[in-house]
Number of protein chains: 2
Amino acid sequence: MDRVSDKIIGRLARYRALLTDRLPVERSHIFSHEIAAAMRLTASQVRRDLMVLGFNGVPRHGYEVTELIRHLDEFLSSKQVNSVAVVGAGNLGRALIAFLESRRASIRIAAAFDTDLDKCNRVFHGVKCHAMEDLEAVLKQEPIRIAILCVPAEVAQSTANRLVHAGIKGILNFAPVPLRVPLGVTLEELDLTSALEKVVYFTSPPRSPALEGKS
Amino acid sequence: MDRVSDKIIGRLARYRALLTDRLPVERSHIFSHEIAAAMRLTASQVRRDLMVLGFNGVPRHGYEVTELIRHLDEFLSSKQVNSVAVVGAGNLGRALIAFLESRRASIRIAAAFDTDLDKCNRVFHGVKCHAMEDLEAVLKQEPIRIAILCVPAEVAQSTANRLVHAGIKGILNFAPVPLRVPLGVTLEELDLTSALEKVVYFTSPPRSPALEGKS
DNA sequence: TAGATTGTTAATCGATTAACAATC
DNA sequence: TAGATTGTTAATCGATTAACAATC
């Protein structure tokens, strides 16, 4: 099997969100062009993406929804529960706990960490916050392979190093600093400031195309 | 001037973040390969990106840092102050206010909105939260062209419609629903759940490439 | 059957990288 | 001068779209 690109995985995750969260229950089948319309893509792309699942639709009837969801869950490792740690329990970290914990049964925020002693041993949205110094001990006891990093930029790299050393295999980074991680560790960077600055650029009237970028 | 792609704009914003936030002050010049190393890109790509600025480096000396920052600011519309509204003042909305308000002088969170009357007229991280029903009135008084949308999925599209109707020209969407906006309105979608699910996929051991995707 | 939709291959498009003459 | 780095064009790579035979 060819390596499946980052972009395809992102879309598969969104197809599933569409099917599980937003589709009226009475539909038993769905066409590629319907998924495409809802996601603002082409039908070709949807069909091509779904090829990686090894699950076939039926010409003239489309894809059976429950089976499609089942294959998406399987493929995206969402049949097992994936435990995640939130590292840095500031405003953003705590908001992410609340936001993500409620979204997917397969994703469980298993622990939070912070250096601020006022936050330690408190429970935020149902998740216990541990002292940063207990990181290694807690990770030894819980099967956490993934961390969401929302610490200040200055300590982002050193914290990431420590996470990797403690056995973390995937990092979702919200700190506005490009991280360096060893091969074998997955890294996804989410730079909120530059995302907003893109909108600012394409929205500003002056020299740039008055009508639009990626609407 | 060719239309500059979304991706290039995103990288230009991050180049600026690097230069303004993370560079030791004593450096007067910087090479393309240094920027590339810090950002995990190739030097070719950095030079190509910088071409759009119409600002030239000097062979053997690189780019003058203060001038480069000035051109980036100019290009990214960061010489003027850009007022932004946060729509939906739940956990995520309030965290974004705190996070973004402190990051760039050129970005100012000018107002927040929420339907929850308990939140109205309160001030979160220095930003006043208005009743959702006052949206049109407030936007009429303030020069806000951009909105950050963090309302529940069910009301995301209807809220977006209302924002557009009230004159908003750019939306950064955190609601996990693909939005539909008219031509002429910039839309940037940030799906936190699918970002995390990407990490889950590339981190899970079973069938997928044990050694890595985009580390 | 006729018509619509699928799975998949080929064509196109856009973005990244490599190459290299110009130049400091 | 020689060597390093730039700006820019050409080559490569990867992702999206179009096309179409298979099929329900």
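The sequence lines fix the lettering, A, B, ..., with proteins before strands; numbering per chain opens at 1. For the numbers below, each heavy atom of this structure counts, side chains included, while hydrogens, waters and symmetry mates do not.
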> How long is the line joining CD1 of B:Ile8 and P of C:dA15, in whole Å?
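So the two atoms are 7 Å apart, to the nearest Å.
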
> In whole Å, I'd like the distance from the CG atom of B:Asp6 to the P atom of C:dT16.
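These atoms are roughly 11 Å apart.
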
> Starting from the C-alpha separation in whole Å, work towards a yes-or-no answer on salt bridge (Lys or Arg N to Asp or Glu O under 4.0 Å) for B:Arg104 and B:Asp21.
CA-CA 10 Å; B:Arg104 294 266 163 272; B:Asp21 302 343; 3.2 Å; yes

> Closest-nucleotide mapping onto DNA chain C: is A:Ser44 or B:Pro59 further toward the 5' terminus? I mean the 5' end.
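The residue whose closest nucleotide sits nearer the 5' end is A:Ser44.
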
> Measure CG/B:Asp49 against C1'/D:dT8 and give the value in whole Å, please.
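Computing the B:Asp49:CG to D:dT8:C1' distance gives 14 Å.
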
> Whom does C:dT8 pair with, Watson-Crick or G-U wobble, provided both distances fall under 3.5 Å?
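WC or wobble partner is D:dA19.
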
> Where each residue is assigned the nucleotide of DNA chain D containing its nearest heavy atom, which of A:His61 and A:Leu41 is assigned the position nearer the 5′ end?
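On the 5' side of the pair lies A:Leu41.
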
> Compare the minimum distances between each of D:dG7, C:dC24, D:dT5 and the side chain of B:Met51, then state the nucleotide with the smallest one.
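So the side chain of B:Met51 is nearest to D:dG7.
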
> For A:Lys79, is there any backbone N or O sitting under 3.5 Å from a side-chain donor or acceptor partner on A:Glu74?
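Absent.
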
> Between C:dG7 atom C1' and A:Leu68 atom CG, what is the distance in whole Å?
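My rounded result for the distance is 15 Å.
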
> Within this structure, what is the CD-to-P distance between A:Gln45 and C:dT6, rounded to whole angstrom?
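So the two atoms are 15 Å apart, to the nearest Å.
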
> Where the side chain of A:Val58 is defined as all heavy atoms beyond and including C-beta, which of D:dC24, C:dC24, D:dT17 is the nearest nucleotide?
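Nearest to the side-chain atoms of A:Val58, counting from C-beta on, is D:dC24.
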
> Among D:dT17, C:dT16, D:dA15, which nucleotide has an atom closest to any side-chain atom of A:Arg48?
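So the side chain of A:Arg48 is nearest to D:dT17.
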
> Compare the minimum distances between each of C:dT5, D:dT5, D:dG7 and the side chain of B:Phe31, then state the nucleotide with the smallest one.
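Selected nucleotide: D:dT5.
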
> Rounding to an integer number of Å, can you tell me how far B:Leu53 CG sits from D:dG7 C1'?
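B:Leu53 atom CG is separated from D:dG7 atom C1' by 13 Å.
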
> Do the ring planes of A:Phe75 and B:Tyr201 sit parallel (below 30°), tilted (30 to 60°) or perpendicular (above 60°)?
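Ring orientation of A:Phe75 relative to B:Tyr201: parallel.
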
> In whole angstrom, give the distance that lies between atom NE2 of B:His29 and atom P of D:dA4.
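It works out to 19 Å between those atoms.
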
> For D:dC24, which nucleotide in any strand shown is its Watson-Crick or wobble partner with both distances under 3.5 Å?
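Per the H-bond distance test, C:dG3.
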
> Return no unless some side-chain N or O of A:Arg47 is found under 4.0 Å from OP1 or OP2 of D:dT16.
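So the side-chain polar atoms of A:Arg47 never come under 4.0 Å of the phosphate oxygens OP1 or OP2 of D:dT16.
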
> How long is the line joining NE2 of A:His33 and C1' of D:dA19, in whole Å?
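In whole Å, D:dA19 C1' and A:His33 NE2 are 18 Å from each other.
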
> Can you classify the ring geometry of B:His71 versus B:Phe55 as parallel (below 30°), tilted (30 to 60°) or perpendicular (above 60°)?
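Rings of B:His71 and B:Phe55: parallel, under 30°.
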
> Ignoring hydrogens and angles, are the base of D:dT23 and the side chain of A:Arg60 linked by a donor-acceptor pair under 3.5 Å?
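There is none.
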
> Any chance the side chains of B:Asn161 and B:Gln157 put a donor and an acceptor closer than 3.5 Å?
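The criterion, which ignores hydrogens and geometry beyond distance, is satisfied for B:Gln157 and B:Asn161.
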
> So does B:Thr42 get a side-chain nitrogen or oxygen closer than 4.0 Å to the phosphate oxygens (OP1/OP2) of C:dT16?
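Checking B:Thr42 against C:dT16: no side-chain N or O falls below 4.0 Å of OP1 or OP2.
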
> Distance only, no hydrogens: is a donor on one side chain within 3.5 Å (strictly under) of an acceptor on the other, for B:Thr203 and A:Arg145?
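No pair is found: no donor N or O on one side chain lies under 3.5 Å from an acceptor on the other.
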
> From C-beta outward on B:Asn56, which listed nucleotide comes closest to its side chain: C:dT5, D:dA10, D:dG7?
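Taking heavy atoms from C-beta onward, the closest nucleotide is D:dG7.
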
> Tell me whether the side-chain N/O atoms of B:Arg40 come closer than 4.0 Å to OP1 or OP2 in C:dT16.
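It does not, given that no N or O in the side chain of B:Arg40 lies less than 4.0 Å from OP1 or OP2 of C:dT16.
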
